Amino acid sequence: KAGVTQTPRYLIKTRGQQVTLSCSPISGHRSVSWYQQTPGQGLQFLFEYFSETQRNKGNFPGRFSGRQFSNSRSEMNVSTLELGDSALYLCASSLGAGSNTGELFFGEGSRLTVL
Amino acid sequence: DAKTTQPPSMDCAEGRAANLPCNHSTISGNEYVYWYRQIHSQGPQYIIHGLKNNETNEMASLIITEDRKSSTLILPHATLRDTAVYYCIVRPEIQGAQKLVFGQGTRLTINP
């Protein structure tokens, strides 16, 4: 079974631009969440989607947004990029229902560099 | 904020058992203890979780104290591939919720 796939793996943007990252969850998984990882702040929860609905949101500004499609694939968008948005963005998927809801399967991430 | 405290780093010899402690003195009755690890340049990987009983799977064992204020993750025969940052997380078993609050974790180095 294929794992969580994130694209692109690496990208470079300049301040003020916007970026869209994509995540394909494990087949059959309906829940997708996004995390930001930086050396200073560590791993931080961005948001979570289940059945195309945002179910939970972390403490990030409105420049960070996301969505989920009917096939459970998800995208996140960051507008008006700032230098501090440089980070590894990780996507995780899970069944989204049932027991052991804390077992998430992470992708390898998209590394964003903002110049 | 993370509700756990872990040592920032630990070393262990290859082939020996690695015992990683975690303090969660404010854990609530409905909160589980989860362990994840992150090998360099990869996404975090789920290891094990438990509520109050000790748990074992093919990767590790989890020992939770009777008062549930601390726990220990045990890698019985550490290999070089176990070098990673290990995160201890407490969270309630909320139906469908994926939010995990990561702390700084323990950087475990396995030495040959």
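Computed from a prediction, not measured in an experiment: that's the story for all the values here. Below, read A as the first sequence line, B as the second, and so on, with proteins coming before strands; counting in each chain starts at 1.
The environment of NZ in B:Lys69 is sparse: at most 12 heavy-atom neighbours from other residues, nucleotides or ligands sit within 6.0 Å. Environment of CZ in A:Arg73: crowded, with over 12 heavy atoms of neighbouring residues, nucleotides or ligands closer than 6.0 Å. In A:Asn71, the CG atom is crowded: over 12 heavy atoms of neighbouring residues, nucleotides or ligands sit closer than 6.0 Å. Within 6.0 Å of CZ in A:Arg15 there are 12 or fewer heavy atoms belonging to other residues, nucleotides or ligands.
Under the 4.5 Å side-chain contact rule for hydrophobic residues, B:Tyr86 and B:Tyr34 do not share a cluster. Cluster annotation: A:Val78 and A:Leu115 are assigned to distinct hydrophobic clusters (Ile/Leu/Val/Met/Phe/Trp/Tyr, side-chain heavy-atom contacts under 4.5 Å, transitive). Linking Ile, Leu, Val, Met, Phe, Trp and Tyr residues whenever their side-chain heavy atoms come within less than 4.5 Å places B:Leu62 and B:Met59 in a single cluster.
Taking the side chain as every heavy atom from C-beta outward, A:Phe106 and B:Tyr36 approach each other to under 4.5 Å. Looking at B:Gln42 and A:Leu90, their side chains never come closer than 4.5 Å, going by heavy atoms from C-beta outward. Counting heavy atoms from C-beta on, the side chains of B:Phe102 and A:Tyr35 come closer than 4.5 Å.
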Please list, one pair per line, the donor and acceptor atoms closer than 3.5 Å that link side chains of residues 60-68 of chain A to other protein atoms, with sequence neighbours excluded.
| from | atom 1 | to | atom 2 | distance (Å) |
| --- | --- | --- | --- | --- |
| A:Arg63 | NH1 | A:Ser79 | O | 3.0 |
| A:Arg63 | NH1 | A:Thr80 | O | 3.1 |
| A:Arg63 | NH1 | A:Asp85 | OD2 | 2.8 |
| A:Arg63 | NH2 | A:Asp85 | OD1 | 3.1 |
| A:Arg63 | NH2 | A:Asp85 | OD2 | 3.3 |
| A:Arg67 | NE | A:Glu75 | OE1 | 3.4 |
| A:Arg67 | NH2 | A:Glu75 | OE1 | 3.3 |
| A:Gln68 | OE1 | A:Phe50 | N | 3.3 |
| A:Gln68 | OE1 | A:Ser51 | N | 3.2 |
| A:Gln68 | OE1 | A:Glu52 | N | 2.9 |
| A:Gln68 | NE2 | A:Arg30 | O | 3.1 |
| A:Gln68 | NE2 | A:Ser72 | O | 3.2 |

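Interface remark: A:Phe105 contributes no atoms to any contact with chain B (heavy atom separation under 4.5 Å). For A:Gln44, no part sits under 4.5 Å from any heavy atom of chain B, backbone or side chain. Within the 4.5 angstrom heavy-atom criterion, no atom of B:Tyr32 approaches chain A. Only the backbone of A:Val32 comes within contact range of chain B, with at least one heavy atom under 4.5 Å from a heavy atom of that chain.
Here the closest non-hydrogen pair linking B:Lys99 and A:Glu48 is N-OE1, 4.0 Å.
For the atom pair OG (B:Ser41) and CZ (A:Arg111), the distance works out to 6.5 Å, reported to the nearest 0.5 Å. With rounding to the nearest 0.5 angstrom, the CD atom of A:Glu103 is 11.0 Å from the CG atom of B:Leu100. Residue A:Leu104 holds its CG atom at 12.5 Å from CD of B:Gln45, rounded to the nearest 0.5 Å.
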